[in-house]
Structures are given as C-alpha cells and as structure tokens.
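Below you'll find the structure, written out as structure tokens, and then a few comments.
Protein chains get the first letters and strands the later ones, always in sequence-line order, with residue 1 at the start of each. Below, all heavy atoms of this structure are taken into account, side chains as well, without hydrogens, waters or symmetry copies.
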Amino acid sequence: MSAEASAINLAARASIWLKPHRIVLILIALALVFCAAFFMRWDWLPQYWEMGMMGIWRALWILAVTCALGFALAVPLGLAQAGGPFWFAVPAKIFCTIIRGTPLLLQLWLLYYGLGSIFPQYPWIRESWLWPYLRQAWPYAVVALTFSFAGYEGEVMRGAFAGVPRGQLEAARAFGMSRWKIFRRIWLPQAFYRALPTLTGETVLQLKSTPLVATISVIDIFAVSSKVRQDTYLTYEPLLLLALIYMTITGILVFVFSRIEARIPVKIG
Amino acid sequence: MPNLATHARRRPCGRRLASNPGAKLIDAFLPASAAGIMELLSPVAPGWGGTLLVGLLHSIEIALGATCLGLMIGTAGAFGKLYGGPVTRDLLAVYTTVVRAVPELVLILLLYYAGTDLINQVLTGMGYSRVDISGLAAGIFVLGFVQGAYSTEVIRGAILAIPQGQIEAARAYGMSPGLMLRRITLPAMLPFAIPGLANLWLIATKDTALLAVVGFFELTLATRQAAGVTKAYLLFYLAAGALYLTLSLFSNVIIGRVEAWSRRGMPSVKEAR
C-alpha cells in the first residue's frame, strides 16, 4: 500500500518536471552546461583541487562557528530587548541598530585594520597569550561575522520572545517553576520554534557574507577563485564554478533546515 | 573625475605602509587630540572629510539608481510570475532563485565582467570602437539586477495580499489591464510592499560597500584611502560607520512617513485590539 502510494507520489512529482515546455528548458540548460564544459578551459582544476577543497572547508567552518556563536549571543540580546530592564534593553537595542545600520564590509575592515593597528601599541597585549591569535586575520573575521549574525538574529529573537503568549508563561509560573526553568523549558523553546523559519534565511545570508573575509586575507573558497583568476587570467570559469558551489551549499542548507522544520510541531502557542 | 587621479596618486603611500608594520604605524589615532581629529575630518583640503562626503554621495547615487532599477525589474518580474506564461514563469523562477542563492560579491564580479564584455562585443560587432563603462553605470546595473530578484518576490507577495474582491470589482467595472494596474493593483499593494521594499533600500545602501572590492570609489573605498594615507585607521572607519548609520536612521524616518502615507484610510491594527 505504502509502496503504491509512494509510486503515485513519485509519478506526480515527475509529471511536474515533464511538462513539454519544461523539457525544452531543461534541454537548453543541459546544452548550456555542455557548452560550458567543452568550450571553456577547465584544465586548471586538478592543480587547484586541493586548495579549493580547503577553501570550501574553511568557509563552512567559519559559517558554522559564527552562526553558533552569533545565535548564542542573539538569545540574550533578544531577551534583553523583549523583557529586560531598560539598562539591558537600551544597550542591546543600540548594538542591534549599529550592526544593522552599517555594512558588514566596513565592520570587518574596522576590526581588522582599525583595532588590528591599535593592538600592537600595547606591550602587555603583545606579551599576552592572545597575541599569536591577534596577529592572524581569522579571529577578526570570526568576531565580525558573529556580531553581524547576532545583530540581525537578535532582532528576530526579540520578536520571537515577545510573540510567546503570556498565558504560557503565566501557566509555567502557576506551576511554581523557577525563572530559569521557565526560560529553559517554555520561553526559549517556543521562541526558537517561532524564529526557525527566519533562521534558515539568516543562515543563507550569513553564508553569502562569508566571501567578504577574503578581503582581509583569509583564504576561503572565494579567495581561492581570485587566486585562480590571477594565475590563469581566466575571468568566467572560476567565477561560474564559485557561483555553482555557493548555490549547492545554499541548496543543502535549505534542505537540511526544511527537514528540521518538519520535525517541529505545527500547533504552538 | 578627480577621484581617480587622487586614487592613483595615493596608492604608493598605502603600499609603503603595508610593508612597514609595527608600532609606528598606529601612533596616529590614540595620541590625536580633539583638534587633530577635527583637522583630519575637516572637509577642506588637508582634512579628509570632503573625500568621505563625496564617497557618501556616490554611495547614495548608486543605491538610488539600483533601487529604481530593481523596482522596475521587480514590478515586471512580479507580474510575469503571477500572470505570465509557463516559460516566463520558469525563467523568472530561475532568475530569483539563482540571484538569491549566490553571494552578492560573486554576482557583482560576474555581472561586472560579463556586462562590460557583452556591451563591448556588441559594439565591436556593430562596427563601433570599444568603450569604457563608467563605474557608476556598472554599479547601478549590477546592484539593480540583484535588487530586482529580491523585489520581485516582495512585490509578488504584496500583490497576492490584495483582497481578491478589489481586483474582481475592477474587472467588473470593465477596466483595462493598464488602468487596473495604475488605479487598483499598484496603490493597493503598496502598504503590503513598503516594509519589504524599505528593507531592500537599506540593504542597497549597505551593498554599495561591496563595490569597493571591484575598485569603485564610494564611501568604504574613500575611507580606506583616507585611513591608508593618514594612518588613522580607527578614526576614519568609525567616521564612515557614523555616516552609514546616519543614512540608515534618516532613511527610517522617511520610510515611516511614506508607510503612513501609503496606509492612509486603512484601519489601524492597534485600535482593533
């Protein structure tokens, strides 16, 4: 029965793709891919393969770390704005406004060139254990991207925290839960479910921000493609491949998040 | 354009700086007194305030142009997606999906090279000589193309949010599609579209910074030059941040006004509660 149902489902799904005009469009797309594969130069690929893989790995690593840290920072930011006393709410609001009101590229350069030029002035910083890290570029990239994610997601979390119905929190208090327990068991999970659909979009936006770190000499996949362009004088091939790589990562991200979203109970609040 | 000249002249200073790392490089910011800061930021010749303001002006020009182009593409795209034939719909779906899945920086590079190449090939094919595309036009075209994909989705959603009865009533009155668009669809979708479009405008002002990577002279590149020459990195990046922030906050005020205007005559949700 279920096999039959899945077969019908499969057939229905296939028939969406097999309308006449779609077949023509798909054939045109295939022809374009074929032309790109045979008439453009791809002989540089084996030479840069390893470097490219490292670049992809580094971009994904930066994405994962900054999203995790940024979300951890966004929760207190959203909480402070949604229900905090004003001496928490006002600084959180100012932080979010500044992060959202200025370009990420500027924030990145401010940290890397601005702060990076201030630090070596102080001997105690140069002698501290942090100095080997502060001399490299990636800590600045991670901090800038984390702040950016926290700024945007903090605003989302504010709305999500504020959107949890009062009755839920009052019921939890009536059960005699402590404030921490209310937060952990009721407020945070429900706010998280509410924020999840926007979290997908924010993560994709964050992925699309990662190539900016190449401008402060972190070797991610974008920097690798720039190097290929410089070395081989090819314009389009590395960029097209780069676009394809980012599209693939975006597709995987959206798919994974939709799977997670499907597991969340629909009726909340 | 004087900016290009200054750009070329000041380059070597920046390179010398880069090869001379260490503590000497950064003395400029911290010991600078208030008077020194004012002198660095002053809009007349020895100060760099004027350069920053010219950069800001270029940023605003590009953002305005790109938003206008994006709105045109977006309106056409939304109508194509809603009322177009199957092929138009599929092509537009490919356009919006691809543009929204690829980083702006990559798109800017691709479109910049592809666009200038294409125009020059068409020109040489028609027997004219090659031209240099101005940075302003290229920036507006590239960012407008990106904005178009996002505004297509925003406007499509806004048109779908119009109560069906209004469109049916317009049809019942025998309005032609053009008249219906002008009198009913566009004004009625505006209150739904403005929050999304306002977001896009703010994104456009910030995306202009990405053009610094391709070497177009706007606020971020102006800041980088000023900081590289004077070595007051922190000061100039903070100043540029303040300028961007002012632009955003000022835009928010204007957007609030426009949104209130577009909602005129509609019942407020607050009163319903």
> A:Leu239 versus chain B, heavy atoms under 4.5 Å apart: side chain, backbone, both or neither?
Replying inline: both
> Is chain B contacted by the side chain of A:Leu25, its backbone, both, or neither, given a heavy-atom distance below 4.5 Å?
Replying inline: side chain
> Testing A:Trp61, A:Tyr246, A:Phe222 for side chain to side chain contact (heavy atoms under 4.5 Å, CB included) with A:Thr210, which one passes?
Replying inline: A:Tyr246
>> Between B:Glu153 and B:Thr96 (side chain of the first, backbone of the second, donor and acceptor by atom type, cut-off under 3.5 Å), is there such a pair?
In response: no
> Quick one: CZ on B:Arg89 to OH on B:Tyr83, what's the gap to the nearest 0.5 Å?
Replying inline: 10.5 Å
>> If the contact rule is any heavy atom under 4.5 Å from chain A, which residues of residues 247-254 of chain B qualify, in numerical order?
In response: B:Ser248, B:Leu249
>> Taking the ring of B:Phe216 and the ring of B:Tyr112, is the distance between their centroids below 6.0 Å?
In response: no
> With a 4.0 Å cut-off, would you call A:Glu155 and A:Lys93 a salt bridge?
Replying inline: yes
> With only heavy atoms counted, which part of A:Thr102 is less than 4.5 Å from chain B, the side chain, the backbone, both or neither?
Replying inline: both
>> Quick check on the interface: out of B:Ala101, B:Ala240, B:Ala242, who has the most heavy-atom pairs with chain A under 4.5 Å?
In response: B:Ala101
> Quick one: of B:Thr220, B:Thr205, B:Leu243, B:Thr97, who has the most non-hydrogen atom pairs under 4.5 Å with chain A?
Replying inline: B:Thr220
> Given that the side chain runs from C-beta out, which part of B:Leu245 has a heavy atom under 4.5 Å from chain A: side chain, backbone, both or neither?
Replying inline: both
> What residue, out of B:Ala114, B:Pro103, B:Pro86, has the most heavy-atom pairs lying under 4.5 Å from chain A?
Replying inline: B:Pro103
> What part of A:Arg135 is in contact with chain B, defined as an atom under 4.5 angstrom from a non-hydrogen atom: side chain, backbone, both or neither?
Replying inline: neither
> Judged by atom type as modelled, is there a donor-acceptor pair below 3.5 Å linking the side chain of A:Glu153 to the main-chain atoms of A:Glu202?
Replying inline: no
> Going by distance alone, is a donor N or O of one side chain under 3.5 Å from an acceptor N or O of the other, for B:Gln225 and B:Thr51?
Replying inline: no
>> Checking the side chain of A:Tyr112 only, and the main-chain atoms of A:Ala137 only, is there a donor and an acceptor separated by less than 3.5 Å?
In response: no
>> Hydrogens and angles aside, do A:Tyr48 and A:Asp231 bring a side-chain donor and acceptor to less than 3.5 Å of each other?
In response: yes
> What option among B:Leu202, B:Leu210, B:Leu110, B:Thr208 has the most heavy-atom pairs under 4.5 Å with chain A?
Replying inline: B:Leu110
>> Under a 4.0 Å threshold between the charged nitrogen and the carboxylate oxygen, would A:Glu237 count as salt-bridged to A:Arg41?
In response: no
> chain B: which of A:Thr215, A:Ile98, A:Leu105 shares the most heavy-atom pairs with it under 4.5 Å?
Replying inline: A:Leu105
>> Checking side-chain polar atoms at under 3.5 Å, does B:Arg224 have a donor or acceptor matched by the opposite partner on A:Tyr113?
In response: yes
>> At a heavy-atom distance under 4.5 Å, which candidate from A:Leu207, A:Leu212, A:Leu244, A:Leu115 has the highest pair count against chain B?
In response: A:Leu212
